[in-house]
Number of protein chains: 2
Amino acid sequence: MPSNKPKRKDAIQTRAALLAAAGQAFAQYGFQNANVRRICADAGVNLGAISHYFGTKEALYREVLVLAHQELLAMEPVPRMEPGDDPVAAFRRAVGYMLRFTLVRRTNHPHAGRIIAREIREPTAALDELISRVMQPVRQEMVRIVGALLSPSDGLALREQCTNFVIGLCVFPELGGEVLKRFGQPVPRTEEEVAAFAGIVAEFALGGIRQLAALNA
Amino acid sequence: MPSNKPKRKDAIQTRAALLAAAGQAFAQYGFQNANVRRICADAGVNLGAISHYFGTKEALYREVLVLAHQELLAMEPVPRMEPGDDPVAAFRRAVGYMLRFTLVRRTNHPHAGRIIAREIREPTAALDELISRVMQPVRQEMVRIVGALLSPSDGLALREQCTNFVIGLCVFPELGGEVLKRFGQPVPRTEEEVAAFAGIVAEFALGGIRQLAALNA
DNA sequence: AACCATATTATACATTTGTATAAGATAAAC
DNA sequence: GTTTATCTTATACAAATGTATAATATGGTT
């Protein structure tokens, strides 16, 4: 039976080590291909610890996923566009946010972005929770901002369509990173590289949105 | 030892059934999670057939992958921009091509596009061959076309960058299809839906390219 | 019709993997 | 210091899986 409240401090250390090692493994290999024996070895923990603390591999994965995105959101909340804000500036901020989210390998969170990207590529049963708690709010905000960039006469469908394109532009570098690397187009990873890249992506997307708005008029 | 030239006609039937079932399985579950017993069962073939005809699961996978993209390219060659062609028209054609390639579930090729998309998401040892034989040529052509859209003063880096964006826009619907579906944004699948979608994607991308070209000037 | 190469079948084997648990070790409570 | 809750260890087990092969069946050739 998994215990939710560890009663001794060595227990919370063991749990933490397990969660950290599991996060790395799941981010790198995916749920199926991650190996519980290796996770335990990396964590410096006995194999039985997974049964003891989490019950099953899947329960461990769920906990890793939830924890990762909670911490990620806590350290960098979704930027909201307030009334009076410049939509273009808000859009640039939002693009930067999404790109940082997936691309930057944070020292304090080496696997959070990667594990979420993996859930996009290879959905598991945990995807729905991840969508409703993390992705949907981010997307909603992006739809609002794109709506502000378009004219009020543009329909919801166009707003959603443009949002999809923007999300695609922001997520593809991570999803297709291996292929881009082999094309000689390595993906930016540091905070500065990603910021510069985000500027270009935002301009490209702005041009696209304006083009579709013009055609729609 | 796998035999390369089947000597009897029931052999080529068995091989073909195996390749078809394996294609489905690899496209749906990926290399690791595809199950050889299930593949053989679906193919109506004995388990030993994989050893007999291909040797190993990995060899079977390679053959499936190569066959899939050979046939796909044979039935629809990469559209080339000839001298004198309108770059914008060529661009629209190329975008349509890439989107059809990944999105349309052809009746004669139910898994080719999917298996290639999967290779992008989860690269295996076979990715390099796939890149050099299929993706690189398509990308090269896209770089040429994008170059024609930009002014000659724009550098190679900008051409490559724009091309990456276009590829991202075209591949993301397949890569992130499950997520888009949960966002209430189902991905177009039929020939007609994809054609309409391709028109929008092309306009969006054209707007983006022009924006970056203007900024660069 | 007899023969031989080749395809098919059934089965076995070795690994890997997730899970469970009994026995032992250890820290906190009394 | 003894007791007790709980963490850790070592080990076992069953299921799944890729691979290999001896035995059998079968189609083509002479």
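Order of the sequence lines sets the chain letters (A, B, ...), proteins ahead of strands, with each chain counted from 1. Quick note: numbers below take in every heavy atom, side chains included, and nothing from hydrogens, waters or symmetry partners.
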Worksheet entry | A:L47 side-chain proximity, nearest of D:dC7, C:dA12, C:dT19 | C:dT19
Worksheet item: Between A:K57 (NZ) and C:dA20 (P), how many Å, whole number?
Response: 14 Å
Worksheet item: If only side-chain N and O atoms of A:Y53 are considered, is one of them under 4.0 Å from the OP1 or OP2 phosphate oxygen of D:dT8?
Response: yes
Worksheet entry | Length of the NE2-C1' vector between B:H52 and D:dT24, whole Å | 14 Å
Discussion item. Is there a side-chain contact between A:S51 and the phosphate of C:dT21, meaning an N or O under 4.0 Å from OP1 or OP2?
Written reply: no
Discussion item. Once side chain to side chain donor-acceptor pair (under 3.5 Å) is applied, do any residues pair with B:H69, and if so which ones, sequence neighbours excluded?
Written reply: none
Discussion item. Short of 4.0 Å, heavy atom to strand atom, which residues of residues 26-46 of chain B count as contacting DNA chain C?
Written reply: B:R37, B:N46
Fill in: Residues B:E178, A:R121: salt bridge by 4.0 Å N-O rule
no
Worksheet item: Quick one: on DNA chain C, does B:G48 or A:T56 contact a more 5' nucleotide (nearest heavy atom)?
Response: B:G48
Discussion item. Rounded to whole Å, how long is the line connecting atom OH of A:Y61 with atom P of C:dG18?
Written reply: 14 Å
Worksheet, complete the sentence: Those residues at least two apart in sequence (or on a different chain) that pass side chain to side chain donor-acceptor pair (under 3.5 Å) with A:R159 are none
Worksheet entry | Partners passing side chain to side chain donor-acceptor pair (under 3.5 Å) against B:E174 (at least two apart in sequence or in another chain) | B:R189
Practice prompt. Check the distance between C:dA20's C1' and A:L60's CG and give it to me in whole angstrom.
Written response: 16 Å
Practice prompt. Mind calculating the distance between CD1 (A:I12) and C1' (C:dA28) to the nearest angstrom?
Written response: 15 Å
Fill in: Residue pair B:T102 / B:C170: nearest heavy atoms and the distance that separates them
OG1-O, 3.7 Å
Response to the item:
Applying salt bridge (charged side-chain N to carboxylate O under 4.0 Å, His left out) to A:R37 and not counting sequence neighbours gives none
Worksheet item: Residues two or more places apart in sequence or in another chain: which of them pass side chain to side chain donor-acceptor pair (under 3.5 Å) with B:E76?
Response: B:R100, B:R106
Item to complete: Report the distance from atom CD1 of B:I50 to atom P of C:dA10, rounded to the nearest whole Å.
Response: 16 Å
Discussion item. How many whole angstroms separate atom CZ of B:F54 from atom C1' of D:dA20?
Written reply: 17 Å
Practice prompt. Measure from the side chain of B:D10, starting at C-beta and using heavy atoms only, and say which of C:dT19, C:dA7, D:dT8 lies closest.
Written response: C:dA7
